[in-house]
2 protein chains.
Amino acid sequence: MTTSPKMKTSNLPSTKSPDNSGRKLSKFLCFAVYSANLAFGRAYKPILDELGLTYTQYIALQALSEGDEQTVGELGEKMFLESNTLTPILKKLELAGYVRRQRDAADERQVRVTLTSAGRRLLDTDPAASLMDATGLGGADFAEVQESVTRLRDNLLRATRARSEKS
Amino acid sequence: MTTSPKMKTSNLPSTKSPDNSGRKLSKFLCFAVYSANLAFGRAYKPILDELGLTYTQYIALQALSEGDEQTVGELGEKMFLESNTLTPILKKLELAGYVRRQRDAADERQVRVTLTSAGRRLLDTDPAASLMDATGLGGADFAEVQESVTRLRDNLLRATRARSEKS
DNA sequence: TCCAATTTAATCGCATGCGATATATATAAG
DNA sequence: CTTATATATATCGCATGCGATTAAATTGGA
């Protein structure tokens with residue numbers, strides 16, 4: 001969260017300032033991302049409801065389609081989540097029949113997760129295809145926004161990691 | 001969520017296809033936004049922990065700084081949330097002393113919410129100032145990404161709204 | 001070999017989001 | 001005036017995220 005550097009100086013005092021116009025929510029990049037994420041979830045909802053999936057479950061299936069026999073940890077690296085969040089989600093996907101979970105025989109600590117044929121079939125229908133239009137972005141803009149947001153994410157994670165290592 | 005149209009055709013069969021390279025998570029705009037939102041939350045966490053605030057509570061305070069005596073509904077329009085989510089958050093902020101909540105005398109259905117002087121003081125310290133660097137974006141890029149993501153959000157919400165009205 | 005440190009998942013508690021519903025107030029119809 | 005409808009907020013249940021802890025398996029060192 002940040003105000004632009006320019007506004008910052010003109011915005012400092014405010015012990016009594018009734019003028020907070022420089023602090024509008026719309027100026028915050030973090031809020032843009034926060035609310036865009038809510039908007040994506042709402043756009044997906046009607047489609048995923050029909051499939052009995054949640055947004056996160058759907059993303060997990062996509063991540064699982066990248067490779068068979070992934071461990072929970074590997075999946076977590078892709079999704080930026082850990083087992084505390086993933087385990088309950090994967091159990092639900094298993095119960096729904098989209099995923100198979102089993103301990104690795106060579107290392108019983110790990111759990112290997114793989115899409116079932118039902119899971120693969122579901123993704124092959126490309127349920128979210130209709131949402132392309134909803135973004136209002138042409139192919140070029142789409143790729144551009146996708147790339148800037150990804151870079152932003154990686155910058156934030158790198159900075160956060162650096163901070164926590166310093167302490 | 002979408003694969004690029006080009007890849008889609010080359011990706012259809014997969015009854016046995018081990019090649020799902022066209023379906024990589026990194027190709028999904030929704031995942032970029034999803035994970036960037038997680039990254040923002042993690043970047044804010046150490047700062048907000050010191051203040052005893054959560055990320056959403058912090059955003060709510062920012063929204064409240066835009067005007068005094070906002071109703072829950074008005075705040076919800078800014079944050080894209082409704083009373084089911086906001087009420088518990090506002091009660092916590094009230095308990096923490098950053099916010100005042102009181103029924104509107106003229107219309108007892110509404111609740112007016114206003115920052116206390118403690119709440120205003122907290123925002124005046126600009127706790128998230130240090131995160132500007134973490135974005136890795138210069139002022140120009142910052143504004144540009146902010147604007148594209150906001151437009152994306154508004155497109156999605158408009159499309160979602162249109163769909164739900166048609167049904 | 002034996003045992004302490006490490007690694008991987010899973011569990012638990014708390015704070016959102018959100019659909020569905022409940023409650024209280026205000027407004028409109030008759 | 002009385003009642004039906006509409007509106008604003010709050011409550012409840014479920015599904016994430018996430019810090020803290022636990023449990024089980026593996027690894028490394030004495």
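So you know, we letter chains A, B, ... as the sequences are listed, proteins then strands, and number each from 1. Because only heavy atoms are used, hydrogens play no part in the values below, and waters and symmetry mates are left out as well, while side chains stay in. Just so we're clear, the structure is a prediction, and the values are computed from it rather than from any experiment.
Each of P88(A) and D49(A) was matched to the nucleotide of DNA chain C holding its nearest heavy atom; the match closer to the 5' end belongs to P88(A). If you find the closest nucleotide of DNA chain C to A39(A) and to S83(A), the one lying nearer the 5' end belongs to S83(A). Where L81(A) and D104(A) meet DNA chain D, the nucleotide closest to each residue was compared, and L81(A) sits on the side nearer the 5' end. Residues D107(B) and K91(B) each lie close to DNA chain D; by heavy-atom proximity, the contact nearer the 5' end of the strand is made by D107(B).
Here dA15(D) presents its C1' atom at 15 Å from CG of L61(A), a figure rounded to the nearest Å. Between E82(A) atom CD and dT11(C) atom P there is a gap of 16 Å when expressed in whole angstrom units. Taking atom CD of Q70(B) as the reference point, atom C1' of dT9(D) lies 16 Å away to the nearest angstrom. The CG atom of L38(B) sits 5 Å away from the P atom of dC18(D) (whole-angstrom rounding). Distance, L157(A) CG to dC18(D) P: 10 Å, rounded to whole Å. Nucleotide dT8(C) holds its C1' atom 12 Å from the CD atom of E77(A), rounded to whole Å.
Across all strands, T85(A) comes closer than 4.0 Å to base atoms (heavy-atom distances). Residue Q57(A) is in sugar-phosphate contact alone, with no base atom involved, counting any heavy-atom pair closer than 4.0 Å across all strands shown. Counting non-hydrogen atoms under 4.0 angstrom, I89(A) reaches the backbone sugars and phosphates but no base. Using a 4.0 Å heavy-atom criterion, one finds that R101(B) contacts the sugar-phosphate atoms exclusively. Note on A106(A): only backbone sugar-phosphate atoms sit closer than 4.0 angstrom, heavy atoms only; bases stay farther off. Using a 4.0 Å heavy-atom criterion, one finds that L86(A) contacts no nucleic acid atom at all.
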Apply salt bridge (charged side-chain N to carboxylate O under 4.0 Å, His left out) to the pair R151(B) and E147(B), showing each step before the final yes or no.
CA-CA 6 Å; R151(B) 200 167 43 237; E147(B) 218 235 317; 3.0 Å; yes

Can you check side chain to side chain donor-acceptor pair (under 3.5 Å) on S35(B) and R153(A), steps first, answer last?
CA-CA 7 Å; S35(B) 52; R153(A) 175 198 69 202; 2.8 Å; yes

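Distances from the side chain of R42(B) to the nucleotides dA24(C), dG17(C), dC18(D) place dC18(D) closest. For T87(A), the side-chain atoms get nearest to dA9(C) when compared with the rest of dG19(D), dA25(D), dA9(C). The side chain of T54(A) lies closest to dA15(D), out of dT11(C), dG19(C), dA15(D).
Side-chain atoms of N84(B) stay outside donor-acceptor range of the base of dG17(C), with no qualifying N/O pair under 3.5 Å.
The aromatic rings of F31(A) and F80(B) lie parallel to each other, with less than 30° between the two planes, well short of the 60° mark.
Remark: side-chain polar atoms of R112(A) are not paired, donor with acceptor, to backbone N or O of D104(A) under 3.5 angstrom. Within the 3.5 Å criterion, the main-chain N or O of T116(B) finds no donor-acceptor partner in the side chain of R100(B).
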